[in-house]
Amino acid sequence: MTLENEDEEFSYSRFKDQSILIAKYPARKNQDIQEIMERHTCPGFQHNLTYFVNSFNNNNIAGGRLRNASLPFSSLDVYHGFRFSLNDLGNEVDLDLGNLEIGSVKAKPKSLGSPARFDMVVVMISEDCESTGLQSARIGPLKVIFRLPTKLYGSWTAPSTWPSEPLAYVE
């Protein structure tokens with residue numbers, strides 16, 4: 001399998017230069033956050049998302065008040081996986097043939113006929129982290145791949161400081 005074969009299904013990626021491919025359209029558009037927490041078995045998702053979104057606001061809400069704060073949206077676009085080049089991670093298999101080896105990561109809830117799949121991932125949490133070791137890294141299940149909305153309650157536009165690329169929630 002090569003990255004060229006994936007271009008049609010996974011044609012959108014802000015990270016093409018890093019060989020990360022994600023679907024052009026989400027698997028679930030405007031999925032309710034409560035439903036995401038149930039189907040993806042991540043009860044802390046909304047709480048952590050509230051803290052994350054608050055970190056991008058100019059007028060941050062203080063810790064005690066933030067516990068009672070609500071998000072300015074109730075749904076998210078959700079993706080069920082992405083693909084990446086193993087060669088970018090230092091895997092030199094098939095490099096001499098010019099082929100790229102592809103890895104994939106899934107965060108897919110149970111559906112009719114297929115079990116849930118929440119792959120384990122290694123997250124680099126510091127610039128000092130190396131791709132060959134676990135120092136400054138964390139390991140956990142990838143629970144949700146999502147994109148923050150561009151429109152908020154009351155037809156407000158999302159702040160320009162919010163990330164526009166898909167994000168990942170790892171427990």
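Positions are given from 1, in the same order as the sequence printed here.
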* Are Leu167 and Val144 close enough, and set up right, to give a side-chain contact (heavy atoms from CB on, under 4.5 Å), and what steps lead you there? -> CA-CA 8 Å; Leu167 303 168; Val144 185; over 6 Å; no
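Of the possible polar contacts, one joining the Arg147 side chain to the Ser164 backbone as a donor-acceptor pair under 3.5 Å is found.
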Side-chain donor-acceptor contacts of residues 115-122 below 3.5 Å, not counting sequence neighbours, with atom names and distances?
from, atom 1, to, atom 2, distance (Å)
Arg117, NE, Asp119, OD1, 2.9
Arg117, NE, Asp119, OD2, 3.3
Arg117, NH2, Asp119, OD2, 3.1
Asp119, OD2, Lys106, N, 2.9

List, one per line, each side-chain donor-acceptor pair under 3.5 Å for residues 40-47, sequence neighbours excluded.
from, atom 1, to, atom 2, distance (Å)
His40, ND1, Lys143, O, 2.7
Thr41, OG1, Lys143, NZ, 2.7
Gln46, OE1, Gln34, NE2, 2.6

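When the ring pair (Phe, Tyr, Trp, His ring centres under 6.0 Å) test is applied to Phe52, the partners found at least two apart in sequence or on another chain are Phe56. Applying the salt bridge (charged side-chain N to carboxylate O under 4.0 Å, His left out) criterion to Arg138, with sequence neighbours excluded, gives no partner residue. Residues satisfying the salt bridge (charged side-chain N to carboxylate O under 4.0 Å, His left out) test with Lys151, not counting sequence neighbours, are none. Every salt bridge (charged side-chain N to carboxylate O under 4.0 Å, His left out) that Arg28 has, sequence neighbours left out, goes to Glu35.
Taking both residues in full, the closest heavy atoms of Ser75 and Pro149 are given as O-CG, 4.2 Å, listed atom of the first, atom of the second, then distance.
A continuous path of ILVMFWY side-chain contacts below 4.5 Å connects Val123 to Ile145, so both sit in one hydrophobic cluster.
Separating the OH atom in Tyr169 from the CZ atom in Phe146 is a distance of 9.5 Å, to the nearest 0.5 Å. For the atom pair Ser111 OG and His80 NE2, the distance stands at 8.0 Å (nearest 0.5 Å). Note: Phe73 CZ to Ile33 CD1 = 5.0 Å, rounded to the nearest 0.5 Å. Rounding to the nearest 0.5 Å places CG of Asp32 at 8.5 Å from CD of Glu38.
Inter-residue side-chain proximity for Leu142 and Phe82 is flagged as met; some heavy-atom pair is nearer than 4.5 Å. Residues Ile22 and Pro166 are in side-chain contact: their nearest non-hydrogen atoms beyond the backbone lie under 4.5 Å apart. Between Ile36 and Leu76, the closest side-chain pair of non-hydrogen atoms falls below 4.5 Å. The closest side-chain heavy-atom distance from Leu152 to Ser74 is not below 4.5 Å.
Taking a cutoff of 4.0 Å between a charged side-chain nitrogen and a carboxylate oxygen, Lys29 and Asp77 qualify as a salt bridge.
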